[in-house]
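Because the structure is predicted, anything quoted here is derived from the model rather than measured.
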Amino acid sequence: MNQKEWEYVENQDRDSANGNNEAKEKEKELEKREDEKLEEYGQMTLENNRGKRKIHLLSIIGEVEGHENLSGNAKATKYDHVLPKLASLEDDDSVEGLLVLLNTSGGDVDAGLAIAEMIASLTMPTVSLVLGGSHSIGVPLAVSANYSFIVPTGTMMIHPVRMSGMVIGTSQTYEYFNMIQDRILSFISTHSRMEYEQVKALMHNTKMLTRDLGTVLVGAQAVEEGLIDEVGGIREALQKLYGLIDEKCG
């Protein structure tokens with residue numbers, strides 16, 4: 001092999017090595033972005049499963065933040081981050097399903113209902129999984145998916161709407177509270193197997209919580225009441241989502 005041939009081979013090897021390095025750098029950059037997205041928004045894409053299904057993971061944790069920012073030390077789900085992402089998912093034909101993980105104490109009613117309505121209106125299959133708890137406005141969020149799961153130790157808390165700050169004690173204020181509660185009750189009854197009056201009775205229950213109104217349902221109790229579809233964990237939730245995707249594609 002002459003000098004020119006050696007130089008050609010060396011250049012080819014060098015280009016190949018550079019190409020491999022660039023590919024590795026791009027892969028690392030993508031992994032870094034996914035890690036940052038998971039840390040900042042509690043979201044990531046699951047696509048290394050056997051069926052190569054592309055699933056978007058949305059975590060709703062801590063408190064659902066509304067128009068006002070919570071303290072920096074509080075775990076929060078920011079609805080102004082979640083809503084645009086849900087819109088982009090609906091517009092992305094490559095995403096086949098949505099898995100929603102919930103461990104929330106509740107939060108802003110309008111923000112929570114906005115997210116719940118967005119999830120309910122998605123055309124892709126959706127599954128929710130309650131881990132730890134899904135309280136207050138977390139209840140509509142849990143039932144907004146096509147199918148819902150709760151772990152055996154998970155809890156659902158249904159209670160009347162609470163207002164923070166100054167409240168004017170007038171009949172108009174009472175009517176406004178009722179209007180807000182009606183929106184929540186209507187959404188829950190529409191997206192679960194519970195009747196409107198059944199949810200309302202649990203919301204105003206005075207016999208369970210000594211210092212408060214409402215009802216706490218643990219695991220199987222939430223299923224028995226018709227609020228959640230099934231007791232299960234991440235394995236069952238993913239299998240159900242894969243099944244819903246297969247049904248849609250088939």
Side-chain angles (χ1 to χ4, degrees), residues 55 57-64 77 97-107 109 112-113 115-122 125-162 177-178 180-247:
I55 308 296
L57 174 66
L58 169 64
S59 298
I60 298 177
I61 59 172
E63 190 171 344
V64 178
T77 296
L98 175 68
L99 176 63
V100 184
L101 302 183
L102 294 127
N103 189 6
T104 175
S105 58
V109 171
L113 281 178
I115 297 172
E117 290 283 11
M118 284 282 281
I119 294 172
S121 66
L122 293 173
T126 56
V127 169
S128 65
L129 173 60
V130 176
L131 302 160
S134 191
H135 300 171
S136 191
I137 201 61
V139 176
L141 288 166
V143 303
S144 64
N146 298 138
Y147 202 87
S148 57
F149 286 89
I150 186 170
V151 295
T153 57
T155 58
M156 308 288 292
M157 179 183 286
I158 305 173
H159 63 71
V161 173
R162 300 186 180 102
F177 269 60
N178 275 342
I180 295 173
Q181 288 185 171
D182 179 69
R183 292 162 61 202
I184 296 171
L185 292 169
S186 296
F187 187 93
I188 294 172
S189 60
T190 300
H191 295 276
S192 72
R193 292 176 286 110
M194 296 185 74
E195 297 294 332
Y196 182 99
E197 292 299 327
Q198 184 185 359
V199 185
K200 187 175 181 180
L202 293 179
M203 179 180 280
H204 295 282
N205 181 21
T206 60
K207 298 179 181 179
M208 173 173 277
L209 305 173
T210 57
R211 298 182 181 180
D212 199 358
L213 300 177
T215 303
V216 177
L217 301 172
V218 182
Q221 292 176 329
V223 178
E224 291 167 5
E225 290 285 347
L227 186 60
I228 298 295
D229 292 311
E230 189 176 337
V231 174
I234 187 65
R235 176 180 58 192
E236 290 81 7
L238 280 172
Q239 288 302 318
K240 181 64 179 181
L241 187 53
Y242 297 150
L244 292 175
I245 294 171
D246 290 341
E247 288 177 16

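Side-chain atoms of T104 and H135 include no donor-acceptor pair closer than 3.5 Å.
Two residues are said to be in side-chain contact when any heavy atoms from C-beta on lie closer than 4.5 Å; P125 and L98 fail this criterion. Inter-residue side-chain proximity for V100 and I119 is flagged as met; some heavy-atom pair is nearer than 4.5 Å. A 4.5 Å side-chain heavy-atom check between V223 and I150 finds at least one atom pair inside the cut-off. In this structure the side chain of L102 never reaches within 4.5 angstrom of the side chain of L129, judged on heavy atoms. Between I228 and M156, some side-chain heavy-atom pair lies under the 4.5 Å cut-off. Between I184 and I188, the closest side-chain pair of non-hydrogen atoms falls below 4.5 Å. With contacts defined as side-chain heavy-atom distances shorter than 4.5 Å, the pair L113/I137 qualifies.
A salt bridge (charged side-chain N to carboxylate O under 4.0 Å, His left out) check over residues 220-239, counting only residues at least two apart or in different chains, returns the pairs R193-D229.
Proximity of a side-chain donor or acceptor of T77 to a complementary backbone N or O of I61 within less than 3.5 Å is detected. With hydrogens and angles ignored, the 3.5 Å screen pairs no side-chain donor or acceptor of S192 with any backbone N or O of L227. Listed for the S134 side chain is no donor-acceptor partner under 3.5 Å among the backbone atoms of V130. Remark: the backbone N or O of M118 is paired with a side-chain donor or acceptor of S121 at under 3.5 angstrom. A donor-acceptor pair is defined here as one N or O able to donate and one able to accept, closer than 3.5 Å; no such pair exists between the side chain of N205 and the backbone of T215.
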Side chain to side chain contact (heavy atoms under 4.5 Å, CB included) between V216 and Q221, intermediate numbers included: CA-CA 9 Å; V216 177; Q221 292 176 329; over 6 Å; no
Criterion side chain to side chain contact (heavy atoms under 4.5 Å, CB included) on Y196 and D182, from CA distance to verdict: CA-CA 9 Å; Y196 182 99; D182 179 69; 2.6 Å; yes
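Residues M203 and P160 share a closest heavy-atom pair of O-CD, 3.0 Å. Looking at every heavy atom in both residues, S148 comes nearest to A142 through CB-O, 3.6 Å.
Note: L101 CG to L58 CG = 8.0 Å, rounded to the nearest 0.5 Å. To the nearest 0.5 Å, atom OG of residue S136 and atom CE of residue M157 are 9.0 Å apart. Between Q181 atom CD and K200 atom NZ the span is 8.0 Å, to the nearest 0.5 Å.
Remark: S105 pairs with no residue by the side chain to side chain donor-acceptor pair (under 3.5 Å) rule, at least two apart or across chains. Taking the side chain to side chain donor-acceptor pair (under 3.5 Å) definition, one finds that N146 meets it with T126, sequence neighbours left out. By the ring-ring contact (aromatic ring centres under 6.0 Å, His included) test, H191 pairs with F187, sequence neighbours left out. A search for ring-ring contact (aromatic ring centres under 6.0 Å, His included) contacts involving Y147 returns F149, not counting sequence neighbours.
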Would you tabulate the side-chain donor-acceptor contacts of residues 237-246 under 3.5 Å, counting partners in other chains and residues two or more places apart, or write 'none'?
from, atom 1, to, atom 2, distance (Å)
D246, OD1, R53, NH2, 2.6

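With respect to I234, the side chain to side chain contact (heavy atoms under 4.5 Å, CB included) criterion is satisfied by exactly one of L131, V151, L99: L99.
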